[in-house]
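Quick notes on the structure that follows.
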Protein chains: 2
Amino acid sequence: MDAALRPYDIGSTQWYVLYQLAHHGPTMQRDLLRMLQIERATLSIVVGALVRKGLVEQVPDTIDRRQKRLQMTVAGTKLWGELPDLTFIRSVAFDGIDQAEIATAIKVLQTATGRLDELLRQGTDT
Amino acid sequence: MDAALRPYDIGSTQWYVLYQLAHHGPTMQRDLLRMLQIERATLSIVVGALVRKGLVEQVPDTIDRRQKRLQMTVAGTKLWGELPDLTFIRSVAFDGIDQAEIATAIKVLQTATGRLDELLRQGTDT
DNA sequence: GATTTTTTGTTTGCTAGCTAGCATAATTGT
DNA sequence: ACAATTATGCTAGCTAGCAAACAAAAAATC
């Protein structure tokens with residue numbers, strides 16, 4: 001993804017933010033957190049980069065002024081239209097592999113990461 | 001890994017370098033590159049951190065003075081002895097999962113990453 | 001109604017990855 | 001023997017992750 005996006009000076013996480021805004025419209029920054037599964041501080045940096053480049057606007061909510069609503073600018077919408085389709089990456093990686101084996105791989109990884117998340121969660125709380 | 005190593009101010013890649021030196025003795029920095037599968041520049045930073053902390057020594061080779069031999073210092077060996085055993089992480093993640101399913105997951109992921117590596121390799125050469 | 005706690009976002013400082021470009025040393029070609 | 005190429009490592013500048021500490025606003029408590 002990074003290699004494909006490099007010509008556009010966009011990183012993969014920045015791409016995910018744009019994807020979200022392009023497909024689901026303006027979004028609260030706090031809601032993006034849950035969608036992208038990253039930390040507040042990280043998202044702050046990523047959004048900052050997009051704002052700096054003029055691709056995204058950050059508007060404080062009128063009701064809850066702590067929260068910020070993110071929306072694409074005209075320049076952002078234009079760039080999004082020019083970005084290449086990245087689904088070919090998934091095709092290259094997985095096309096032709098047995099569907100059942102992919103399902104097994106997903107199950108194994110979800111189990112493992114779930115257990116590790118749980119382990120971390122406990123370690124943090126205690 | 002990072003959570004377990006944090007009390008010792010050691011990152012996971014730094015741990016891998018120490019592991020290598022602890023188990024296989026002094027190693028040329030260029031050989032570590034292949035073992036850790038990271039870029040020259042990245043390893044340079046990681047090794048720099050270890051040298052700065054006095055855990056590893058970087059000695060220019062007498063025959064080829066470009067190359068640098070890495071070896072643990074006394075302080076490094078001491079710290080290595082104090083680090084916790086990290087194999088519990090693998091146990092937490094995978095214990096009890098069907099061995100055949102794990103093998104399938106590994107196969108799927110190796111195929112996918114292999115294909116993507118190949119794709120990147122071509123893109124870089126052209 | 002005033003105080004405390006929680007939520008949201010930012011900043012700072014770290015690890016770790018990358019590319020590009022540089023210097024130096026070694027090797028290869030002519 | 002000298003010139004050109006290759007190999008090794010470093011620095012600079014970037015993305016992206018994290019934790020800790022902070023400010024501001026909102027919500028909860030007393």
Side-chain angles (χ1 to χ4, degrees), chain A residues 1-19 27-53 55-70 113 116-117 120-121 123-126, chain B residues 1-18 27-53 55-70 113 116-117 120-121 123-125:
Chain A
M1 284 185 68
D2 285 325
L5 293 172
R6 190 158 314 124
Y8 305 89
D9 276 310
I10 288 287
S12 45
T13 305
Q14 293 176 36
W15 182 90
Y16 278 120
V17 171
L18 294 180
Y19 175 91
T27 309
M28 290 299 184
Q29 189 162 328
R30 54 167 295 248
D31 295 325
L32 261 179
L33 268 190
R34 287 201 316 275
M35 302 176 192
L36 303 190
Q37 293 271 75
I38 58 180
E39 289 298 316
R40 273 209 316 280
T42 303
L43 183 55
S44 191
I45 299 294
V46 170
V47 169
L50 291 170
V51 169
R52 185 159 29 82
K53 288 186 256 189
L55 303 175
V56 163
E57 257 174 344
Q58 211 176 19
V59 188
D61 189 80
T62 46
I63 295 162
D64 185 342
R65 279 176 302 175
R66 291 171 305 180
Q67 296 189 34
K68 299 192 180 169
R69 166 171 279 107
L70 303 181
T113 54
L116 292 173
D117 279 346
L120 263 185
R121 213 186 51 67
T124 309
D125 290 0
T126 312
Chain B
M1 281 185 68
D2 285 325
L5 293 173
R6 190 159 312 124
Y8 304 89
D9 276 309
I10 288 288
S12 45
T13 306
Q14 293 177 36
W15 183 89
Y16 279 120
V17 172
L18 294 181
T27 310
M28 289 300 184
Q29 190 162 325
R30 53 166 296 244
D31 294 325
L32 260 179
L33 270 190
R34 288 202 317 275
M35 301 176 193
L36 304 190
Q37 293 272 72
I38 58 179
E39 289 298 317
R40 277 210 312 282
T42 304
L43 183 56
S44 191
I45 299 294
V46 171
V47 168
L50 291 170
V51 169
R52 187 160 27 81
K53 289 186 255 187
L55 303 175
V56 163
E57 255 173 346
Q58 212 176 18
V59 188
D61 190 79
T62 45
I63 295 163
D64 185 341
R65 277 176 304 176
R66 291 172 306 181
Q67 296 190 35
K68 300 192 180 170
R69 165 170 280 110
L70 303 181
T113 54
L116 292 173
D117 279 346
L120 262 186
R121 212 185 53 65
T124 308
D125 290 0

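Not measured: the values here are computed from a predicted model.
- Checking C/dG21, C/dT12, D/dT15 against every side-chain atom of B/Arg40, the shortest atom distance belongs to C/dG21.
- In this structure, A/Arg52 places its CZ atom 6 Å from P of D/dT15, rounding to the nearest Å.
- Of the side-chain N and O atoms in B/Gln58, one or more sit less than 4.0 angstrom from OP1 or OP2 of D/dC10.
- Rounded to a whole Å, the CG atom of A/Asp117 is 11 Å from the P atom of D/dC18.
- Here the C1' atom of nucleotide D/dA7 and the CG atom of B/Leu43 are 15 Å apart, to the nearest Å.
- Rounded to the nearest 0.5 Å, atoms CD1 (B/Ile45) and CZ (B/Arg52) are 9.0 Å apart.
- Taking only side-chain atoms of B/Lys53, from C-beta outward, the nucleotide of C/dT15, C/dA16, D/dA19 with the closest atom is C/dT15.
- For the pair B/Thr42 and C/dG17, the criterion of a side-chain N or O lying under 4.0 Å from OP1 or OP2 is not met.
- Each of A/Glu39 and B/Arg69 lies near DNA chain D, and the nucleotide nearest B/Arg69 is the one positioned closer to the 5' end.
- Atoms CG and CD, on B/Leu70 and B/Glu57 in that order, are 10.0 Å from each other to the nearest 0.5 Å.
- Using a 4.5 Å heavy-atom cutoff, the side chains of A/Val59 and A/Lys68 are not in contact.
- Here CG of B/Asp64 is found 8.5 Å from CZ of B/Arg30. Values are rounded to the nearest 0.5 Å.
- The side chain of B/Ser12 contributes an N or O atom lying less than 4.0 Å from OP1 or OP2 of C/dA16.
- Note on B/Ala41: a base of the nucleic acid sits closer than 4.0 angstrom, heavy atoms only.
- The side chain of B/Gln29 lies closest to D/dG9, out of D/dG17, C/dA16, D/dG9.
- Using modelled atom types and a 3.5 Å distance limit, the side chains of B/Gln29 and B/Gln67 yield no donor-acceptor pair.
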Practice prompt. List the steps and the verdict of side-chain contact (heavy atoms from CB on, under 4.5 Å) for B/Ile38 and B/Leu32.
Written response: CA-CA 9 Å; B/Ile38 58 179; B/Leu32 260 179; over 6 Å; no
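- Among the atoms of the strands shown, only primed sugar atoms or phosphate atoms (P, OP1, OP2) are found under 4.0 Å from some heavy atom of A/Thr13.
- Checked against D/dT8, C/dT12, C/dA16, the side chain of B/Arg30 finds its nearest nucleotide in D/dT8.
- One atom, CD of A/Gln14, and another, P of D/dC14, lie 12 Å apart when rounded to the nearest Å.
- Atom CG in A/Asp2 sits about 19 Å away from atom P in C/dA16, given to the nearest Å.
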Practice prompt. Start with the C-alpha distance between A/Arg69 and A/Thr27, add both sets of side-chain angles, then the distance that settles side-chain contact (heavy atoms from CB on, under 4.5 Å), and finish with yes or no.
Written response: CA-CA 6 Å; A/Arg69 166 171 279 107; A/Thr27 309; over 6 Å; no
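- Note: CG (A/Leu32) to P (C/dT8) measures 13 Å, nearest angstrom.
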Validation: residues 9-16 of chain A side-chain donor-acceptor distances under 3.5 Å, sequence neighbours left out:
unit_1	atom_1	unit_2	atom_2	d
A/Ser12	OG	A/Asp2	OD1	3.3
A/Gln14	OE1	A/Lys53	NZ	2.7

Discussion item. I need a per-nucleotide contact map over nucleotides 23-29 of chain C, read 5' to 3'. Cutoff is protein heavy atoms under 4.0 Å; write B for the base, S for backbone only, - otherwise.
Written reply: --BS---
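- The nearest heavy atom of DNA chain C to A/Ile45 and to A/Asp31 marks one nucleotide each, and the one closer to the 5' end goes with A/Asp31.
- C/dT15 atom C1' lies 12 Å from atom CD1 of B/Ile38, rounded to whole Å.
- In this entry the distance linking CH2 of B/Trp15 with P of C/dT15 reads 18 Å, nearest Å.
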